Protein chains: 2
Amino acid sequence: MERIRDAAVARFGRDGFSAGLRTIATDAGVTAGLVIHHFGSKEGLRQACDDYVLGVIRSEKLRAATSGSAAGMLAQLAEIEQYGPLALYAVRSMQAGGELATAFVEHMVQDAEEYLAAGVAAGTIRPSRDPAGRARYLTFQGMGSLMLWISLHPEMVSVDDFRTALREISDQITLPALELFTEGLFVDRTMLDSYLMYVPDPPGGPAVP
Amino acid sequence: MERIRDAAVARFGRDGFSAGLRTIATDAGVTAGLVIHHFGSKEGLRQACDDYVLGVIRSEKLRAATSGSAAGMLAQLAEIEQYGPLALYAVRSMQAGGELATAFVEHMVQDAEEYLAAGVAAGTIRPSRDPAGRARYLTFQGMGSLMLWISLHPEMVSVDDFRTALREISDQITLPALELFTEGLFVDRTMLDSYLMYVPDPPGGPAVP
DNA sequence: GGGTGGATTGAACAGGCGTTTAGTCTTTGA
DNA sequence: TCAAAGACTAAACGCCTGTTCAATCCACCC
């Protein structure tokens, strides 16, 4: 039963959720009927995979460690040898949407918020007028760009090369990210200041989407 | 034939590329066989849609107009009443990957690079040590975060509400984006400077992925 | 030892898919 | 006016899908 679930996580991560039950069953060395017998339906199997992956992510206290890049968490997850398929599955889940995807992203948003707050307290990160909104913004940007990159380079997303791909991405974005994070993009403050003049201070930040 | 293609663009945009030929045919008021007769196969139909959408995007000189946010282009596309389905189709295409997606994103990357260069020349945007890499980075971040948002809120992506959704996203990210773009994220320059010490100046920027 | 229950299988079913084929209808051109 | 050509349809084909069902195997317990 666990072997079926593990095979499903790996196969879903590799091929997406359109992978067939018979393929998964063969991977696990069993029959399609047995998969249904254990999990009720394909949806039940996916639910079991979701619960398992989310449980691992929650139990392992994974933090976005690298320079504000929200993708750092996934990279960290992929680094742990045995968890590579889990990272792939999480990405597929985000592409498809659903409960696990929402929970996963919200988990990362909250993580980023704590991490940013710690940086602010330590004096290394500038305070924000809307800390929650900033954490959400940075998380969506980082994870979203990773998703887009994977969509455009599907050949690089085999279980074996996933860590390599993440490092390659990291190499490409580090300089622009560091530039943006330390020097900003605009030369003057007119755009921000004029926005702040027209919009009242955010009371607790914008609503959760 | 054009009506079939338009129906396919709309249906693919609404339901994704797993939409059935019979559904598209019914939308267009014809039969599945006729679709095959005209386009050879489902892949041929998708290719025709890709060509059409890319042609429109290329002919309309769309620019990323709003404050460096690469999603501005899609928003602009969606604003033009009749092109709403095209914007949705482009998003689905990016989720699925493939030629159109690559061409579309590369088009936006180049557009962003020109836009940023113009800003640098005008003295409103800071120069970068790697302008091409920065344009790519900002484009992937902006478009990717849009993709992720749409994945997590599939109920909001009907053709009617797409413009509304884009405006809602814009409201949420404007303040964090403006903060980041004018003030940066880090208080001091140590992370950037130490990175520049270890890595030699990028000769023409990192390689294209 | 017999039986009870869960694990497991292989075959079959119903439905959807893209595609093929044969044939009809409609339009066009000489 | 007749015929050729393309638009179009209805039905069927083969394949793949998730799911069901009856039967078998195997382990455990009284």
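Proteins get letters first, then strands, A, B, ... in listed order; numbering begins at 1 in each. Because the structure is a prediction, the values reported are computed rather than measured.
- Distances from the side chain of B/I36 to the nucleotides D/dA7, D/dT19, C/dT20 place C/dT20 closest.
- Distance from the side chain of A/V30 is smallest to C/dT9 among C/dT9, D/dA10, D/dG18.
- Between B/G20 and A/G29, the one whose closest nucleotide on DNA chain C sits nearer the 5' end is A/G29.
- Remark on DNA chain D: of its neighbouring residues A/G33 and B/G33, the 5'-side contact belongs to B/G33, judged by nearest-heavy-atom nucleotide.
- Contact annotation for A/A19: backbone-only contact, meaning every heavy-atom pair under 4.0 Å involves sugar-phosphate atoms and none involves a base.
- Counting to the nearest Å, the C1' atom of D/dG6 and the CD1 atom of B/I4 are 13 Å from each other.
- Aromatic ring centres of B/Y89 and B/F104: separated by at least 6.0 Å.
- Residue A/H37 places at least one side-chain N or O under 4.0 Å from the OP1 or OP2 atom of C/dA7.
- Out of C/dT19, D/dT19, D/dT9, the shortest distance to the side chain of B/L34 is found at D/dT9.
- Set against D/dC8, D/dT19, C/dG18, the side chain of A/K42 has D/dT19 as its closest nucleotide.
- A/S41 contributes a side-chain N or O that, together with a main-chain N or O of A/G44, makes up a donor-acceptor pair within less than 3.5 Å.
- At a cut-off of 3.5 Å, with distance as the only test, no side-chain donor of A/S151 or B/Q95 sits close to an acceptor on the other residue.
- Taken from NZ in A/K42 to CD1 in A/I36, the straight-line distance is 9.5 Å, to the nearest 0.5 Å.
- If you check distances only, the side chain of A/R22 does reach the base of D/dG18 with a donor-acceptor pair under 3.5 Å.
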